Amino acid sequence: KKSKKLLVIYVAAASILLVIASTFFIGQLYQSTIRISTFQTTKKIVLSDGTVVDLNRNSQIEYPRKFKGNYRQVKLMKGEAFFTVSSDPLRPFLVYTPAASIKVLGTRFNVIVDREGNVEVLVQSGRVSFHASETNESLILTPNQKAIYAAGSKAMVKSDTVDWNQLAWCTSRFIFKEADLAYVYGVLSRTYGKTIVPDTQILRNKLTATYEKLELDDILQIIDKTFILKTTRLNDTLYLVRQTQP
């Protein structure tokens with residue numbers, strides 16, 4: 001009898017543990033919110049409505065497993081993300097950041113939240129409402145426009161001048177027209193997340209070129225041949241110097 005009672009107790013305990021484990025597993029599987037962080041690589045995310053988010057390095061985003069209600073809401077806590085939003089006139093798409101929010105129906109735009117808390121929005125297509133949380137100021141942005149909210153001064157500045165090389169981390173496309181090498185190396189450094197240290201003597205050289213779907217080493221090799229330079233690598237830093245003419 002004693003052994004039967006122990007067996008019943010063991011079975012009951014095992015059943016309870018199984019229920020707890022199952023509940024935890026189901027809770028994890030169907031959790032309402034997903035948070036994704038990137039470090040040294042970019043990541044492409046497809047949301048439940050078909051919206052595509054390209055997340056840059058060192059970024060963090062939070063979004064629901066499935067959108068519910070009258071709005072589609074995500075949070076970009078830090079870093080950079082390019083959004084290709086699926087059109088849904090009945091449910092606006094909202095991107096919240098620590099200092100501002102962006103509201104759209106269906107469009108393509110880029111959002112940057114930097115370390116100082118500044119927020120930058122660049123619009124490729126569609127119409128975007130950019131709203132500063134603290135000052136309650138809003139701007140409407142259309143294609144080929146951008147705006148920056150400065151967290152320190154709490155000012156919003158709109159511009160019709162857009163540097164599309166900013167999106168090269170997502171598009172893998174660079175277009176340089178009579179660009180100083182100082183600018184070129186700055187763009188490449190930001191895009192590929194590498195430290196590039198060029199010789200100061202070459203910084204004012206002008207480059208006109210288009211590069212698409214190329215790795216950083218391939219681009220640097222082409223530039224080296226164009227300007228007779230030499231690239232050397234020390235750990236994660238790239239050094240560029242002018243080669244001595246024979």
Side-chain angles (χ1 to χ4, degrees), residues 27-134 138-141 143 145-151 156 162-173 187 189-194:
Q28 290 293 103
L29 185 63
Y30 294 102
Q31 61 180 318
S32 60
T33 302
I34 298 171
R35 177 178 290 184
I36 291 181
S37 299
T38 58
F39 298 96
Q40 296 304 312
T41 59
T42 61
K43 187 175 181 63
K44 187 179 292 290
I45 305 163
V46 180
L47 306 183
S48 63
D49 66 332
T51 291
V52 178
V53 182
D54 289 283
L55 198 62
N56 204 352
R57 287 180 297 274
N58 302 311
S59 303
Q60 187 177 81
I61 193 171
E62 190 175 281
Y63 59 93
R65 184 174 294 277
K66 188 173 183 178
F67 290 117
K68 296 179 180 179
N70 297 326
Y71 295 94
R72 298 171 287 166
Q73 303 178 43
V74 303
K75 295 179 182 178
L76 181 65
M77 275 77 80
K78 66 174 184 178
E80 182 172 12
F82 185 84
F83 296 85
T84 303
V85 179
S86 293
S87 180
D88 187 345
L90 299 180
R91 292 193 304 167
F93 191 94
L94 297 169
V95 179
Y96 289 100
T97 75
S101 61
I102 300 96
K103 180 180 178 181
V104 304
L105 294 177
T107 183
R108 291 166 58 85
F109 63 98
N110 194 66
V111 182
I112 301 174
V113 181
D114 68 18
R115 293 179 180 178
E116 285 72 41
N118 305 313
V119 182
E120 179 177 340
V121 178
L122 186 158
V123 179
Q124 191 175 70
S125 66
R127 181 182 171 93
V128 169
S129 174
F130 185 26
H131 178 81
S133 304
E134 191 168 347
S138 294
L139 291 174
I140 297 298
L141 301 175
Q145 290 185 330
K146 73 174 184 179
I148 298 175
Y149 172 75
M156 296 184 80
V162 174
D163 182 1
W164 293 110
N165 287 323
Q166 273 189 265
L167 300 183
W169 67 270
C170 177
T171 63
S172 297
R173 179 179 174 86
V187 170
S189 177
R190 178 182 180 274
T191 301
Y192 292 100
K194 299 293 183 182

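This structure is a prediction, so every number in the text was calculated from the model and none was measured.
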For the residue pair [X] and [Y], what are the closest heavy atoms and their distance?
| X | Y | value |
| --- | --- | --- |
| Leu105 | Val85 | O-CG1, 3.9 Å |
| Gly79 | Ser59 | CA-OG, 3.3 Å |
| Arg127 | Val104 | O-CG1, 3.8 Å |
| Ser133 | Ser101 | OG-N, 4.5 Å |
| Asn118 | Ala150 | OD1-CA, 3.3 Å |
| Phe109 | Ile102 | CE1-CG2, 3.8 Å |

Step-by-step side-chain contact (heavy atoms from CB on, under 4.5 Å) determination, Val128 to Ile140: CA-CA 6 Å; Val128 169; Ile140 297 298; over 6 Å; no
Going by the rule salt bridge (Lys or Arg N to Asp or Glu O under 4.0 Å), which residues pair with Asp114 if we only count those two or more places apart in sequence or in a different chain?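 None.
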Under the salt bridge (Lys or Arg N to Asp or Glu O under 4.0 Å) test, residues paired with Asp163 that sit two or more places apart: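 Expected list: none.
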Side-chain donor/acceptor of [X] to backbone N/O of [Y], under 3.5 Å:
| X | Y | answer |
| --- | --- | --- |
| Arg65 | Leu47 | no |
| Ser138 | His131 | no |
| Thr38 | Asn56 | yes |
| Thr84 | Arg108 | no |
| Ser48 | Phe67 | yes |
| Arg72 | Arg91 | yes |
| Arg57 | Thr191 | yes |
| Ser37 | Gln60 | no |

Considering only heavy atoms from C-beta outward, does the side chain of [X] approach that of [Y] to under 4.5 Å?
| X | Y | answer |
| --- | --- | --- |
| Ser86 | Thr51 | yes |
| Glu62 | Thr33 | yes |
| Asp54 | Trp169 | yes |

Could you point out which residue of Val95, Ile112, Val119 forms a side-chain contact (heavy atoms from CB on, under 4.5 Å) with Leu76?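 Exactly one pass, corresponding to Val95.
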To the closest 0.5 Å, what do you measure between [atom1] ([X]) and [atom2] ([Y])?
| X | Y | atom1 | atom2 | result |
| --- | --- | --- | --- | --- |
| Asp49 | Lys66 | CG | NZ | 11.5 Å |
| Tyr192 | Ser172 | OH | OG | 6.0 Å |
| Arg35 | Lys75 | CZ | NZ | 8.5 Å |
| Lys44 | Thr42 | NZ | OG1 | 8.5 Å |
| Leu122 | Glu80 | CG | CD | 9.0 Å |
| Arg190 | Asn165 | CZ | CG | 10.5 Å |

Stepwise side-chain contact (heavy atoms from CB on, under 4.5 Å) check, Phe83 with Val111: CA-CA 8 Å; Phe83 296 85; Val111 182; 4.1 Å; yes
Evaluate the side-chain contact (heavy atoms from CB on, under 4.5 Å) criterion for residues Arg115 and Lys78: first the C-alpha distance (whole Å), next the side-chain angles of each, then the deciding distance (0.1 Å), finally the verdict. CA-CA 8 Å; Arg115 293 179 180 178; Lys78 66 174 184 178; over 6 Å; no
Any chance you could lay out the side-chain contact (heavy atoms from CB on, under 4.5 Å) test for Tyr63 and Ile36, step after step, and finish with the verdict? CA-CA 9 Å; Tyr63 59 93; Ile36 291 181; 3.4 Å; yes
How about Gln124 and Trp164: does a side-chain donor come under 3.5 Å of a side-chain acceptor?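 No donor-acceptor contact under 3.5 Å links the two side chains.
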